[in-house]
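Heavy atoms only: backbone and side chains are in, while hydrogens, waters and symmetry mates are out. Just so you know, these numbers come straight off a predicted model, no measurement behind them.
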Amino acid sequence: MTVEMLMEQQKPSGDVVIKVGDRIRVKESVVVYHHPEHRGEAFDLKDTEGEVVNIATEWKGRPVSANLPILVQFSKKFKAHLRENELEVI
């Protein structure tokens, strides 16, 4: 079974598929500690907007099942890996 098949099975019907280039908003509380303006402090990404720059489905040509597959660019200096259920397309 491929990663795409596994990902398709996990999606509830009717959901919008997130793809590279989509503008998104973090809809759930996600706390990170690597934000450049709040380094080492807890920072909640809820309601923060960004752009999807990558979706981790393969590495060196082999399929992978990443825990946090969606890479989002929030600012010039800040990116974060997130789950699809934490995001909404805007």
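Here the straight-line distance linking atom CG of L82 with atom CD of E84 works out to 11.5 Å at 0.5 Å rounding. With rounding to the nearest 0.5 angstrom, the OG atom of S75 is 5.5 Å from the NE2 atom of H35. Distance CG/N54 to NE2/H81: 7.5 Å, rounded to 0.5 Å.
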As a quick check of understanding, evaluate side-chain contact (heavy atoms from CB on, under 4.5 Å) for V72 and V53, giving each step before the final call. CA-CA 6 Å; V72 179; V53 292; over 6 Å; no
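Looking at residues two or more places apart in sequence or on another chain, you find a side chain to side chain donor-acceptor pair (under 3.5 Å) between D44 and S29. With sequence neighbours excluded, no residue satisfies side chain to side chain donor-acceptor pair (under 3.5 Å) with E51. Partners of K27 under the side-chain contact (heavy atoms from CB on, under 4.5 Å) rule, at least two apart in sequence or in another chain, are E88. For the side chain to side chain donor-acceptor pair (under 3.5 Å) test, no residue two or more places apart in sequence or in another chain qualifies with R23. Taking K19 as the reference, D22 meet the salt bridge (Lys or Arg N to Asp or Glu O under 4.0 Å) condition, with sequence neighbours excluded.
The aromatic rings of H34 and F78 lie tilted to each other, with the angle between the two planes from 30° to 60°.
Hydrophobic side-chain contacts under 4.5 Å tie L68 to no other Ile, Leu, Val, Met, Phe, Trp or Tyr residue.
The shortest distance between side-chain heavy atoms of R25 and T48 does not fall below 4.5 Å.
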